[in-house]
Amino acid sequence: MEDVPPSDRLDAKDIEQLRRSLLGWYAQHGRDLPWRRTRDPYAIWVSEIMLQQTQVTTVLPYYQRWLERFPTVFALARADLQSVLKVWEGLGYYARARNLHRAAQMVVDDCDGRVPREVNVVMQLPGIGRTTAGGLLSAAFNLPVPILDGNVKRVLTRLSGSTLPPTAAQRLLWQLSEQLLDRNQPRDFNQALMDLGATLCVPRQPSCPLCPWRECCVAYHLGLQEQIPVSARSPDLPHKHIGVAAIWNDRGQILIDRRPARGLLGGLWEFPGGKIEPGETVEDCIAREITEELAIAIEVGDRLVEVTHAYSHFRVTLYVHHCRYLEGEPQPLACEEIRWVKPSELVEFPFPRANLRIIEALPPTSPYL
DNA sequence: GATTCGTGGAC
DNA sequence: TGTCCAAGAAT
């Protein structure tokens, strides 16, 4: 409280007005979303995890498919990780799927399949932080637990006109979120707050004239709604160049490997390859990487496709070549598992997006037969 | 506290 | 076309 000057503090009347106006706006303009039509804590939990750093329109088809494939926490808990990753394929941040799977097993084993109602308990589950805990408990059980996701952060930063440095701002915003939260309707209030940020109080060109909080918004009255919150300049992303091998054996099968369970794209399958060293040709790189990682001999052939892909903190270009398998038993020296599969079988394995584009470019049969 | 985690929408 | 940024958490 020390960092909030008394003159800037909201009094009880302001708070009540803010709650009323927001809930009134939400009743008219709130979005109709599938996870708002259920009170099933598991379904809401799934939506909360999928929505982390991911827009609603992207999540919708995944959410429906997920609940068809894993309708209950029990179904998810007994599924194997590969099938879980397959349903998550394309959604990104795959640790979310691994954590959700593990957390489901914990809830089944320790809580008889019921989602705990205490913040401190749900936050012990992998993949559930403070914001997800608040979203889950308020939406599923109508419990008064605050949230602070990207939308709410932007809304409250503008409302308060805060220009504090990140750490202090974070404290203030959590405090505001908790202070404003309507104890009588925490579910609707939190959902309304997120809708406000997602539909009106957007990063660029917010629709202030339509905003129910216009009168109380410090940024609006200062004309700073475009400047607040201040956006951090993005650092230049490094660009990695990767040689990739589509290795065919004499049975028309192609070699894929499963990445280590943790870290980038953990547990997903890929075509083997590695970074092109300075002064190295793509062909040399592929031959070297395959020797180092799989301990087999190949002949590098024609270029298949070139794929550029942007991750959150770097870019890659994959230079993919057909390769003919010559000899040696493939060893999983830098991966978890190796398989020879027919092209038609590739759809059964979870791949990252960039590799799906390789699969699209792949001929239905080996070019060496 | 700073990094590391994907992918696509929007402009 | 490039850039920002999404219902953040884990390390």
Side-chain angles (χ1 to χ4, degrees), chain A residues 30-31 33-36 44-63 85 88-100 102-103 122-140 145-155 165-171 173-174 177 187 190-199 201-206 226 229-239 259-268 270 307-316 350-357:
Chain A
R31 293 174 292 181
L33 302 171
W35 42 89
R36 289 180 181 167
I44 292 170
W45 178 14
V46 169
S47 77
E48 290 290 338
I49 301 301
M50 288 187 170
L51 287 162
Q52 290 170 2
Q53 298 297 102
T54 310
Q55 294 184 354
V56 166
T57 54
T58 303
V59 165
L60 286 170
Y62 283 91
Y63 175 77
L85 287 172
W88 198 274
E89 180 185 67
L91 197 50
Y93 286 132
Y94 298 93
R96 294 184 295 176
R98 302 195 301 268
N99 286 334
L100 180 55
R102 194 153 54 92
V122 287
M123 282 182 66
Q124 297 304 309
L125 295 169
I128 299 186
R130 192 172 172 186
T131 285
T132 300
L136 172 55
L137 295 185
S138 63
V145 189
I147 56 174
L148 190 62
D149 55 32
N151 287 317
V152 177
K153 203 175 291 184
R154 185 173 53 256
V155 169
T167 305
Q170 192 83 354
R171 285 227 325 272
L173 296 176
W174 271 111
S177 181
R187 171 189 295 128
N190 278 345
Q191 298 297 316
L193 205 46
M194 289 189 282
D195 272 17
L196 187 64
T199 63
C201 196
V202 293
R204 282 168 299 190
Q205 298 181 9
E226 290 273 16
V230 294
S231 60
R233 301 183 308 285
S234 63
D236 290 343
L237 302 179
H239 195 141
R259 297 175 58 89
R262 301 164 164 273
L264 183 69
L265 307 170
L268 275 68
E270 65 177 3
V307 175
T308 295
H309 192 78
Y311 292 91
S312 46
H313 53 299
F314 63 94
R315 300 173 184 281
V316 292
F351 283 91
R353 264 293 190 258
N355 276 257
L356 289 179
R357 290 206 251 152

Once you apply a heavy-atom cut-off of 4.0 Å, does Gln191(A) come out as touching a base, just sugar-phosphate, or nothing?
base
Here the pair of heavy atoms bringing Ala139(A) nearest to Arg187(A) is O-NE, 2.9 Å
Using a heavy-atom cut-off of 4.0 Å across all strands, would you classify Pro166(A) as base, sugar-phosphate, or nothing?
nothing
Taken to the nearest whole Å, CG/Asp149(A) to P/dA6(C) is 9 Å
Determine the Euclidean distance between corresponding P atoms of dT4(B) and dA7(C); express it in Å to zero decimal places. 24 Å
Legend entry - Between His309(A) and Tyr311(A), ring centroids under 6.0 Å: yes
Atom CG of Asn151(A) and atom P of dG8(C) are separated, to the nearest Å, by 7 Å
From CG of Leu100(A) across to C1' of dA9(C) the rounded distance in Å is 13 Å
message = Between dA6(C) and Arg154(A), counting only base atoms on the nucleotide and side-chain atoms on the residue, is there a donor-acceptor pair under 3.5 Å?
response = no
What do the steps show when you test Ile128(A) against Trp45(A) for side chain to side chain contact (heavy atoms under 4.5 Å, CB included), and what is the final call?
CA-CA 9 Å; Ile128(A) 299 186; Trp45(A) 178 14; 3.4 Å; yes
Requested in this report: Answer with base, sugar-phosphate or nothing: what part of the nucleic acid does Leu148(A) contact at a heavy-atom distance below 4.0 Å?
Outcome: nothing
Taken to the nearest whole Å, CD1/Ile49(A) to P/dA9(C) is 8 Å
To the nearest angstrom, the CG-C1' distance between Leu193(A) and dA7(C) comes to 11 Å
Comparing Leu125(A) with Ala198(A), nearest DNA chain C nucleotide closer to 5' gives the residue Ala198(A)
Q) Is there side-chain contact between Asn151(A) and Leu196(A), with at least one heavy-atom pair below 4.5 Å? A) no
Are the side chains of Pro206(A) and Glu226(A) in contact, using a 4.5 Å heavy-atom criterion? yes
Contacts of Gly150(A) and Arg102(A) projected onto DNA chain C by closest heavy atom; the upstream (5') one is Gly150(A)
Each nucleotide of nucleotides 3-11 of chain B classed B (base within 4.0 Å of a protein heavy atom), S (only sugar-phosphate) or -, in 5' to 3' order, makes -SBBBBS--
Could you tell me if the side chain of Thr131(A) sits less than 4.5 Å from the side chain of Gln52(A), heavy atoms only?
no
Separation of dA7(C) atom P from Arg31(A) atom CZ, nearest Å, is 7 Å
Review point. Considering only the C1' atoms, how many Å lie between dT1(C) and dG8(B), rounded to the nearest integer?
Key: 15 Å
request  = Just call it for Gly135(A): base, sugar-phosphate, or nothing, with non-hydrogen atoms closer than 4.0 Å on any strand.
outcome  = nothing
| Is there a donor-acceptor contact under 3.5 Å linking the side chains of Arg36(A) and Gln191(A)? | yes
So Trp35(A), base contact, sugar-phosphate only, or nothing? Heavy-atom distance under 4.0 Å.
base
Against the side chain of Thr131(A), the closest entry in dC5(C), dG8(C), dA7(C) is dG8(C)
- For the pair Thr58(A) and Tyr63(A), evaluate side chain to side chain contact (heavy atoms under 4.5 Å, CB included) and give the outcome as yes or no after the intermediate values. CA-CA 9 Å; Thr58(A) 303; Tyr63(A) 175 77; over 6 Å; no
Leu237(A) CG to dT3(C) P, in whole Å, measures 8 Å
Atom CZ of Arg315(A) and atom C1' of dT3(C) are separated, to the nearest Å, by 8 Å
